[in-house]
Amino acid sequence: MSYRYFKLFVRDTDQLGPEYKSLAMAKRLDAERCWVNHFIQSEHLEDDFLKALAASGVVLTEEQIANVRSARKRNVSERPLPTNAYYDEATIRLVQERERFIIEKFGYQAPTLPSAEQGPA
């Protein structure tokens, strides 16, 4: 994800060397070269959409805002198991290490093993 993020949203990534792999460098490059002004995450779809519109100078009526907030959700995925059931300890470490930039930038929770109270995955 981090690699794809930089290829899609950060200018001049084809000129980068291995130094971009550090978290500090990734954050600096993102701050300096990201050409996207607003990200809309599916987890916060309505709020992010409204914030992006407002930041872009689009003024909505209260009715339009209510329509956005009350819109029916479509194509909602349902998983039979919690997300952490799909990871083993080695995979968790790999994701936490390699995707740390994305996890921090978008406020995601890194995967964890199920706790003893949750039972086996």
What pair of heavy atoms forms the shortest contact from Ile103 to Val95, and how long is it?
-> CD1-O, 4.0 Å
Can you tell if the side chain of His38 reaches within under 4.5 Å of the side chain of Ser56, non-hydrogen atoms only?
-> yes
Output for pair (Leu94 CG, Glu89 CD), nearest 0.5 Å, gives 13.0 Å
Does atom CD of Glu43 have more than 12 heavy-atom neighbours from other groups under 6.0 Å away?
-> yes
For the pair Glu32 and Arg28, evaluate salt bridge (charged side-chain N to carboxylate O under 4.0 Å, His left out) and give the outcome as yes or no after the intermediate values.
-> CA-CA 6 Å; Glu32 293 173 357; Arg28 193 179 105 217; 3.1 Å; yes
Rounded to the nearest 0.5 angstrom, the OH-CD distance for Tyr87 and Gln96 is 10.0 Å
Would you check if His44 and Phe49 make a side-chain contact, meaning some heavy-atom pair closer than 4.5 Å?
-> no
Spatial distance of atom CG (Leu8) from atom SG (Cys34) [nearest 0.5 Å] = 10.5 Å
Measuring from Arg93:CZ to Thr91:OG1, what's the distance to the nearest 0.5 Å?
-> 9.0 Å
Any residue meeting salt bridge (Lys or Arg N to Asp or Glu O under 4.0 Å) with Lys73, in chain and number order, not counting sequence neighbours = Glu46
Beyond-backbone contact of Phe39 with Lys105, side-chain heavy atoms, under 4.5 angstrom | yes
Determine whether Gln41 and Leu45 make a side-chain contact, defined as any pair of heavy atoms from C-beta on separated by less than 4.5 Å.
-> no
Does CZ belonging to Arg100 count more than 12 external heavy atoms closer than 6.0 Å?
-> no
Approximate separation, where rounding is to 0.5 Å, of Tyr86 OH and Ile92 CD1 | 14.0 Å
Distance, nearest 0.5 Å, that separates CD of Glu104 from OG of Ser2 = 10.0 Å
With under 30° as parallel and over 60° as perpendicular, where do the rings of Phe101 and Tyr5 fit, or are they tilted in between?
-> tilted
Report yes if the side chains of Val10 and Trp35 come closer than 4.5 Å at any heavy-atom pair, otherwise no.
-> no
Co-membership, hydrophobic cluster, residues Val58 and Leu50, 4.5 Å side-chain = yes
Who pairs with Glu62 by salt bridge (Lys or Arg N to Asp or Glu O under 4.0 Å), at least two apart in sequence or on another chain?
-> none
Non-neighbouring partners of Asp47 that pass salt bridge (Lys or Arg N to Asp or Glu O under 4.0 Å), sequence neighbours left out = Arg69
